[in-house]
Amino acid sequence: MDNTPKKKILCIEDEHFISELYVRALTKAGYDVTVAVDGEEGLKQSQTDLYDLILLDIMVPNITGIEILKRLRDTEQTPKLHSKIIITTNLEQGIEGREDIEKQADGYVIKAEITPKQLVEFVEQLDI
């Protein structure tokens, strides 16, 4: 029996259907998944540094994903963060906007172009 602790994933996603798909696929693959449905809750959860990976939607209520990303990468606001951060979005960012986001994040996924199974494969390739 494998006693390795499950890798913990925080999914900051306000679209219930999408978060449900991600939770099912990632849980089935052996991950422990928590969902935050708005930016404030997502930021608070992220700053606990309890997660190996954060799936961060750009468009969430209260605080945008881009603002969350900035705060998590600011060592004064979030001094110790080991979590990898993957941006999940359906917004088509301009090339420059996407490059800026990618510099701060550990990956970038277009939700409309990835199935839950492909998301699991993507996560499994990360070193978390």
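Keep in mind the model is a prediction, meaning the values are calculated, not measured.
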When you measure from the side chain of Thr27 to the backbone of Arg24, do you find a donor-acceptor pair of N or O atoms at a distance under 3.5 Å? no
With a 4.5 Å cut-off on side-chain heavy-atom distances among I, L, V, M, F, W and Y, is there a chain of contacts connecting Val35 to Ile54? no
Hey, any chance Tyr108 and Val120 share a hydrophobic cluster, counting ILVMFWY side chains that come within less than 4.5 Å of each other, even indirectly? no
So that I can tick it off, tell me whether Lys44 and Glu40 are bridged by a salt bridge, with the cut-off set at under 4.0 angstrom between side-chain N and carboxylate O. no
Output yes when a side-chain donor or acceptor of Asp32 lies under 3.5 Å from a complementary backbone atom of Lys7, and no otherwise. no
Hydrophobic cluster membership, with links at side-chain heavy-atom distances under 4.5 Å among I/L/V/M/F/W/Y: are Val123 and Val23 in one? yes
If you measure from CD on Glu76 to CZ on Arg71, what distance do you get to the nearest 0.5 Å? 13.5 Å
If the threshold is 4.0 Å, N to carboxylate O, is there a salt bridge linking Asp49 and Lys80? no
With sequence neighbours left out, which residue pairs that include part of residues 118-128 fulfil the side chain to side chain donor-acceptor pair (under 3.5 Å) condition? Thr115-Gln118
Using every non-hydrogen atom in the two residues, find where Ile68 and Leu43 come nearest and quote the distance to one decimal. CG2-CD1, 4.1 Å
With the 4.5 Å side-chain cut-off for hydrophobic clustering, are Leu50 and Leu69 part of the same group? yes
How long is the gap from CG on Leu72 to CG on Leu56, to the nearest 0.5 Å? 7.5 Å
Student check: side-chain heavy atoms of Cys11 and Thr34 closer than 4.5 Å: no
By side-chain hydrogen bond (donor to acceptor under 3.5 Å, both in side chains) - contacts of Gln45 (at least two apart): Glu41, Tyr51
Within the side chain of Asp52, is there an N or O that forms a donor-acceptor pair under 3.5 Å with the backbone of Ile128? no
I'd like to know if the side chain of Thr78 and the backbone of Leu81 have a donor-acceptor N/O pair within less than 3.5 Å. no
Would you please name every residue forming a side-chain hydrogen bond (donor to acceptor under 3.5 Å, both in side chains) with Lys6, sequence neighbours left out? none
Ala105 versus Ile87, closest heavy-atom pair with distance: CB-CG1, 3.7 Å
Using a 3.5 Å distance criterion without hydrogens, assess whether the side chain of Asp106 forms a donor-acceptor pair with backbone atoms of Ile85. yes
Find the distance between CD1 (Ile114) and OG1 (Thr88) and round it off to the nearest 0.5 Å. 9.5 Å
When rounded to the nearest 0.5 angstrom, what is the spacing between CD1 in Ile9 and CG in Leu53? 5.0 Å
Output for pair (Leu21 CG, Leu119 CG), nearest 0.5 Å, gives 10.0 Å
Test side chain to side chain contact (heavy atoms under 4.5 Å, CB included) applied to Leu55 and Ile18, Ile86, Ile12, Val33, the passing residue: Ile86
Please report the closest heavy-atom contact between Asp57 and Glu13, naming both atoms and the distance. OD2-OE2, 3.4 Å
Considering all heavy atoms of both residues, which atom of Gln77 and which atom of Gln47 are nearest to each other, and what is their separation? O-NE2, 3.3 Å
Is the shortest heavy-atom distance from the side chain of Leu10 to the side chain of Ser83 under 4.5 Å? no
Is the closest side-chain heavy-atom distance between Phe122 and Lys117 below 4.5 Å? no
Nearest 0.5 angstrom please: Tyr22 OH to Glu15 CD, how far? 9.0 Å
